[in-house]
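Read the numbers this way: they start at 1 and go in the same order the structure lists the ligands and their atoms. Nothing fancy with the numbering, it's 1 onward along the sequence. Heavy atoms only: backbone and side chains are in, while hydrogens, waters and symmetry mates are out.
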Amino acid sequence: MSAHLFSEADHAELYQKYRPKWSAEFAERVVTFVKEKKSSPLLHAVDIGCGSGQSSEILAPHFQHVLGIDVSEPQIVLATANNKLGNVKYRVAPAESIPVPDGSVDLVMCLEAVHWFDHEKFNAEVDRVLVPGGVLAVAGTIYEKFPQDELTRISHQFHREGPMKDCWHEKLVKYLCTEYRNLPMPYGGAVRDESMSIDVDLTIPQYIKLQSTISPYREFCRRNPGDKGALLQNLQKSLYEATGSTQPVEELKMHVILPIFLLMVRKPQV
Ligand SMILES: C[S@@+](CC[C@H](N)C(=O)[O-])C[C@H]1O[C@@H](n2cnc3c(N)ncnc32)[C@H](O)[C@@H]1O
């Protein structure tokens with residue numbers, strides 16, 4: 001279990017503030033797949049590893065009830081405090097013991113989270129909670145792209161080749177870095193969709209804040225308490241120099257593209 005990587009309250013707040021948001025278009029794609037085998041209204045969805053609730057919210061227009069669960073109490077406290085949606089609820093619970101009855105859920109969704117789970121226990125739980133024809137949808141993002149190749153190169157170097165390169169948890173390396181191609185799924189016939197991305201315009205300091213939320217960086221800080229932000233300051237300097245701009249660094253916006261990999265599988269209808 002790697003929940004400690006997400007357990008600090010400051011991390012939950014940073015994550016909520018700086019992580020780019022999942023779009024309504026993304027939710028539509030998942031819901032369209034669910035509806036292919038279901039004509040009646042969609043009742044229950046569970047968002048697992050919901051963090052501060054950004055992923056759960058996108059399901060609210062499509063389901064009568066959405067439950068977001070996460071092992072991190074600070075994340076659930078924040079999600080609950082900010083929740084303005086009457087049909088969305090949050091609970092502290094692990095993916096390996098989903099607090100809903102058997103055969104009650106139309107969609108189990110996990111965004112940027114499934115790589116952390118115990119897959120044998122999680123997949124058994126997915127099978128227990130889904131209705132026949134229900135869907136498991138998992139999605140992630142890994143390497144950012146920029147319109148300028150040099151910025152993409154610097155970002156990749158920061159993530160995988162610089163001082164942080166050994167701080168990637170083995171589950172990230174095995175599952176996320178391979179874009180879930182190695183992920184054990186509970187059923188066959190997974191549909192893969194790589195057509196979408198999360199696109200954001202961020203100033204360089206905002207991008208740096210975003211990097212401060214990723215788990216390899218949190219692990220790097222744990223192992224190198226003397227760094228005191230130097231790694232991120234160097235990244236900021238390299239990115240700024242590469243833009244060739246003379247605009248103040250706080251004003252200069254970069255277009256950041258996070259390509260999404262989405263996998264969807266359906267429980268057989270028997
Ligand atoms: C990167 S965050 C993703 C949050 C949100 N889904 C999003 O896309 O913004 C991953 C979340 O998974 C949670 N997590 C990790 N292992 C878990 C487990 N076994 N059961 C439930 N949640 C877990 C962490 O606490 C963290 O909040």
Show me the side-chain donor-acceptor pairs of residues 29-37 shorter than 3.5 Å, one per line, residues at least two apart or across chains.
from : atom 1 : to   : atom 2 : distance (Å)
R29  : NE     : D193 : OD2    : 2.6
T32  : OG1    : E28  : O      : 2.6

- Under 3.5 Å donor-acceptor, N224 side chain and F220 backbone: yes
- Query: Short N/O distance, under 3.5 Å, between W22 and ligand 1?
  - Reply: yes
- Atoms in ligand 1 flagged as close to G51, the criterion being non-hydrogen separation under 4.0 Å: 4 (C), 27 (O)
- Item | Residues which pass ring pair (Phe, Tyr, Trp, His ring centres under 6.0 Å) with Y180, listed by chain and number, not counting sequence neighbours | H115, F261
- Any chance you could lay out the salt bridge (Lys or Arg N to Asp or Glu O under 4.0 Å) test for E219 and R223, step after step, and finish with the verdict? CA-CA 6 Å; E219 178 62 16; R223 292 187 197 177; 2.9 Å; yes
- Message: Does only the side chain of A95 get under 4.0 Å from ligand 1, or the backbone, or both, or neither? Count heavy atoms.
- Response: both
- Given E96, E73, K21, K121, which one has a non-hydrogen atom that is nearest to atom 19 (N) of ligand 1? E96
- Query: Do any nitrogen or oxygen atoms of G49 lie less than 3.5 angstrom from nitrogen or oxygen atoms of ligand 1?
  - Reply: yes
- Task: Using a strict cut-off of less than 4.0 Å between a Lys/Arg side-chain nitrogen and an Asp/Glu carboxylate oxygen, indicate whether R128 and D102 qualify as a salt bridge.
- Result: yes
- Item | Interfacing atoms of ligand 1 (cut-off 4.0 Å, heavy-atom, Q75) | 27 (O)
- Message: Does any N or O of ligand 1 fall below 3.5 Å from an N or O anywhere on L111, backbone included?
- Response: yes
- Message: We want to know whether E112 and T141 form a side-chain donor-acceptor pair, criterion being a heavy-atom distance below 3.5 angstrom.
- Response: yes
- Message: With a cutoff of 4.0 Å, is F122 in contact with ligand 1, counting heavy atoms of the residue only?
- Response: no
- Query: In terms of the angle between their ring planes, are F26 and W22 parallel, tilted or perpendicular, with boundaries placed at 30° and 60°?
  - Reply: tilted
- Query: Does any donor atom in the side chain of H65 or N87 lie under 3.5 Å from an acceptor atom in the other side chain?
  - Reply: no
- Message: Only heavy atoms of S72, strictly under 4.0 Å: list the atoms of ligand 1 that pass.
- Response: 25 (O)
- Task: Would you tell me which option among S52, S55, S97 has the nearest heavy-atom contact to atom 5 (C) of ligand 1?
- Result: S55
- Item | Contacting atoms of ligand 1, where contact means under 4.0 angstrom from a heavy atom of W116 | 15 (C), 16 (N)
- Please indicate whether any nitrogen or oxygen in E112 is less than 3.5 Å from any nitrogen or oxygen in ligand 1. no
